[in-house]
Amino acid sequence: MTRSLSVTDRPAILTENEWTARRDAHHAAVDELLAGHLERRAAGRTHPVHDFLFTYYSLRPSQLRRWHPGYGTVLLGAAAVRGYRDHPGYERATVDGQPGVRVSREVLDRRADTVDFVAGLLTATSSRPPQLGCFGLHEWAMVYRAGADGVRHSSVPLRLGHTGTDTVVESMQLRCTHYDAFRFFTPDAVPRNATELTRDQQVRTEQPGCLHAGMDLYKWTYKLLPLTDSELTVRCLRHASAARELDMRASPYDLEDYGYSPIRIETAAGRAQYVREQSALTRRAAALREELVNRCTVLQTHRTTASVTTGG
């Protein structure tokens with residue numbers, strides 16, 4: 001199907017030179033981000049820090065590498081028609097007689113609930129003050145009283161051993177606010193958390209100081225693809241990578257063989273260092289969160305406008 005666009009329905013338009021330059025820049029950025037992971041995967045090696053970005057998060061490398069302009073942008077030229085005509089979610093579009101493609105309105109309609117959920121969750125998260133008193137103890141709670149067989153990263157030793165790790169958990173209040181971290185707590189750690197978290201309370205409990213809430217911006221962005229643009233997805237992935245590094249440096253694991261110096265949150269100095277670095281990432285996440293909410297708002301506006309135009 002080819003949709004001819006009127007002047008009143010005129011979208012953002014990228015010429016072939018413009019969009020292929022952005023696509024090529026995206027490919028280069030993604031190839032750099034994926035190089036280590038793909039090399040390790042081919043060699044059958046694992047990494048306790050960065051594999052998480054490609055195992056816990058479900059976007060495949062090939063999907064990450066595919067460049068998307070986002071909803072409301074037409075890509076002009078024969079290369080666009082060849083490259084995207086058979087890609088799910090795209091339709092042909094003609095602008096002033098020139099052939100092109102764009103993300104179809106059907107995708108926007110089909111993903112409406114996802115757009116609304118992401119907008120609601122992130123808006124609620126932004127509305128709360130950041131809480132900076134968790135000190136990254138969720139990783140400690142995941143191995144609390146678990147013994148040698150219960151350690152999540154069995155190839156990496158615990159800095160303080162099992163007994164020392166348990167002692168740290170018992171010396172401080174667990175204050176996790178992120179359900180997808182809390183659900184991995186050991187049974188003995190669950191009642192030690194200040195709040196018992198559930199999935200249906202996520203919108204009410206998520207707060208912007210949480211490292212994992214910031215990391216999940218990557219997930220929410222790629223779940224909206226191709227409605228959102230790939231540049232934002234990559235920026236959220238970079239943020240998730242930085243947050244994961246802080247997360248694991250503050251964890252009970254000894255990662256010095258991988259080049260990561262520990263943040264010793266069992267000490268006052270370590271907790272202060274963690275809060276400083278957490279605060280910096282919180283500010284960075286806030287800007288990305290606002291940008292993603294704005295994308296969702298634009299998508300909701302497109303949907304409402306389309307409904308009015310078609311009499312829906």
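Hydrogens, waters and symmetry mates are skipped; everything else that's a heavy atom, side chains included, is used. For this chain, numbers begin at 1 and follow the sequence in order.
One finds the CG atom of N17 at 11.0 Å from the CG atom of L76 (value rounded to the nearest 0.5 Å). One finds the CG atom of L64 at 5.5 Å from the NE2 atom of H26 (value rounded to the nearest 0.5 Å). Here CG of L224 is found 6.0 Å from CG of L292. Values are rounded to the nearest 0.5 Å. The CZ atom of R192 sits 10.5 Å away from atom CG of L137, with the distance rounded to the nearest 0.5 Å. Between the CZ atom in R289 and the OG atom in S126 there is a gap of 5.0 Å [rounded to 0.5 Å]. Rounding to the nearest 0.5 Å gives a distance of 10.0 Å between OH of Y90 and OG of S104.
Criterion: ILVMFWY side-chain heavy atoms under 4.5 Å apart, direct or through other members. Under it, W220 and V107 are part of a common hydrophobic cluster. Transitive grouping of hydrophobic side chains (ILVMFWY, heavy atoms separated by less than 4.5 Å) keeps V298 and Y222 in distinct clusters.
Taking the six-membered ring where the residue is Trp, Y179 and F182 present tilted rings, their angle falling between 30° and 60°. Aromatic ring pairs are classed by plane angle as parallel below 30°, tilted from 30° to 60° and perpendicular above 60°; the pair H50 and Y260 is tilted. Relative ring orientation between H87 and H68 is described as tilted, the plane-to-plane angle lying within the 30° to 60° band.
Contact annotation: the side chain of L75 approaches that of W67 to within less than 4.5 Å [non-hydrogen atoms, C-beta and beyond]. Contact check for M142 versus R183: no side-chain heavy atoms found under the 4.5 Å cut-off. Residues V168 and L160 meet the side-chain proximity criterion, which asks for heavy atoms closer than 4.5 Å. The closest side-chain heavy-atom distance from R102 to R92 is not below 4.5 Å.
Tested against T177, the residues H212, Q207, H138, Q131 include a single side-chain hydrogen bond (donor to acceptor under 3.5 Å, both in side chains) partner, Q207.
Considering only residues two or more places apart in sequence or on other chains, Q300 meets the side-chain contact (heavy atoms from CB on, under 4.5 Å) condition with V115, D116, A119, T297, R303. Residues passing the salt bridge (charged side-chain N to carboxylate O under 4.0 Å, His left out) test with E277, sequence neighbours excluded: R249. Residues meeting the side-chain contact (heavy atoms from CB on, under 4.5 Å) test with E290, sequence neighbours left out: N294. For T123, the side-chain contact (heavy atoms from CB on, under 4.5 Å) partners are V293, not counting sequence neighbours. Listed by chain and number, the residues in a side-chain contact (heavy atoms from CB on, under 4.5 Å) with L132 are P130, V275, Q278, S279, T282 (sequence neighbours excluded).
Heavy-atom neighbours of E256 CD from other residues, nucleotides or ligands within 6.0 Å: above the threshold of 12. Shown here is E196, whose CD atom has no more than 12 heavy atoms of other residues, nucleotides or ligands within 6.0 Å.
Between D229 and R22 there is no salt bridge, since none of the side-chain N atoms of the basic residue sits less than 4.0 Å from a carboxylate O of the acidic one. Salt-bridge annotation for R128 and E206: absent, with no side-chain N of the basic residue lying under 4.0 Å from a carboxylate O of the acidic one. Between R23 and E16 there is no salt bridge, since no side-chain N of the basic residue sits under 4.0 Å from a carboxylate O of the acidic one.
Between F185 and Y144, the gap from one ring centroid to the other reaches at least 6.0 Å. The aromatic ring centres of Y258 and H47 sit less than 6.0 Å apart.
Considering all non-hydrogen atoms of both residues, D180 and Y56 come closest at CB-OH, 3.3 Å.
No cation-pi contact links R105 to Y71, judged by a cut-off of 6.0 Å to the six-membered ring centre and 45° from its axis.
Among residues at least two apart or in separate chains, salt bridge (Lys or Arg N to Asp or Glu O under 4.0 Å) pairs with a member in residues 52-65 are D31-R65.
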